[in-house]
Amino acid sequence: MRAIYDRFQLQALLDGDAPVSVMQTQIGVCQADFPPGFVHDAGDRVQVRGISFVASDAQPDGQGWVYLPVKKIGSAGP
């Protein structure tokens, strides 16, 4: 199935401290590639080139795509 695998850097400001930068991984999927009525949700599992990920959220973009912020299964990092 078609999907967009993306890693990008997020910068967060913590209460008066220096900015912190973290890497975020997300996978974008086309909703039309799934059965009618299928709803994406936190906990969805995705496999990309043999690496398993779990979604922490599902974020529809209103244009037919859903973006899933993911984390590698068994990993503390993105």
Side-chain angles (χ1 to χ4, degrees):
M1 106 175 25
R2 60 186 163 163
I4 298 170
Y5 175 86
D6 191 21
R7 292 194 74 203
F8 55 92
Q9 195 166 346
L10 291 175
Q11 192 171 28
L13 296 175
L14 304 175
D15 298 328
D17 291 334
V20 174
S21 178
V22 295
M23 291 298 293
Q24 173 66 53
T25 303
Q26 75 176 10
I27 296 173
V29 294
C30 182
Q31 185 63 45
D33 290 341
F34 293 85
F38 183 86
V39 177
H40 299 278
D41 202 357
D44 284 0
R45 292 177 179 247
V46 180
Q47 192 171 62
V48 178
R49 295 184 178 150
I51 301 171
S52 296
F53 297 88
V54 64
S56 61
D57 191 14
Q59 303 167 352
D61 72 353
Q63 302 295 316
W65 284 79
V66 178
Y67 294 92
L68 305 166
V70 296
K71 222 185 242 195
K72 285 182 192 176
I73 293 176
S75 171

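Y5 places none of its side-chain heavy atoms less than 4.5 Å from the side chain of R49.
Follow the hydrophobic side-chain contacts under 4.5 Å out from I4 and you never reach V29; the two are in separate clusters. Grouping the Ile, Leu, Val, Met, Phe, Trp and Tyr side chains by contacts below 4.5 angstrom, directly or via other members, places V22 with F8.
Of the inter-residue distances, the one linking K71 atom NZ with Q24 atom CD reads 9.0 Å to the nearest 0.5 angstrom.
The two residues K72 and I51 have their closest heavy-atom pair at CG-CG2, 4.1 Å. The two residues A55 and D41 make their nearest non-hydrogen contact at CB-O, 4.2 Å. Taking every heavy atom of both residues into account, S56 and A42 meet most closely at O-CB, 3.5 Å.
By the 30° and 60° cut-offs, the orientation of the rings of H40 relative to F38 is perpendicular.
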Compile the donor-acceptor pairs under 3.5 Å between side chains in residues 61-69 and protein atoms, sequence neighbours left out, one pair per line.
from	atom 1	to	atom 2	distance (Å)
D61	OD1	Q63	N	2.7
D61	OD1	G64	N	3.3
D61	OD1	W65	N	3.1

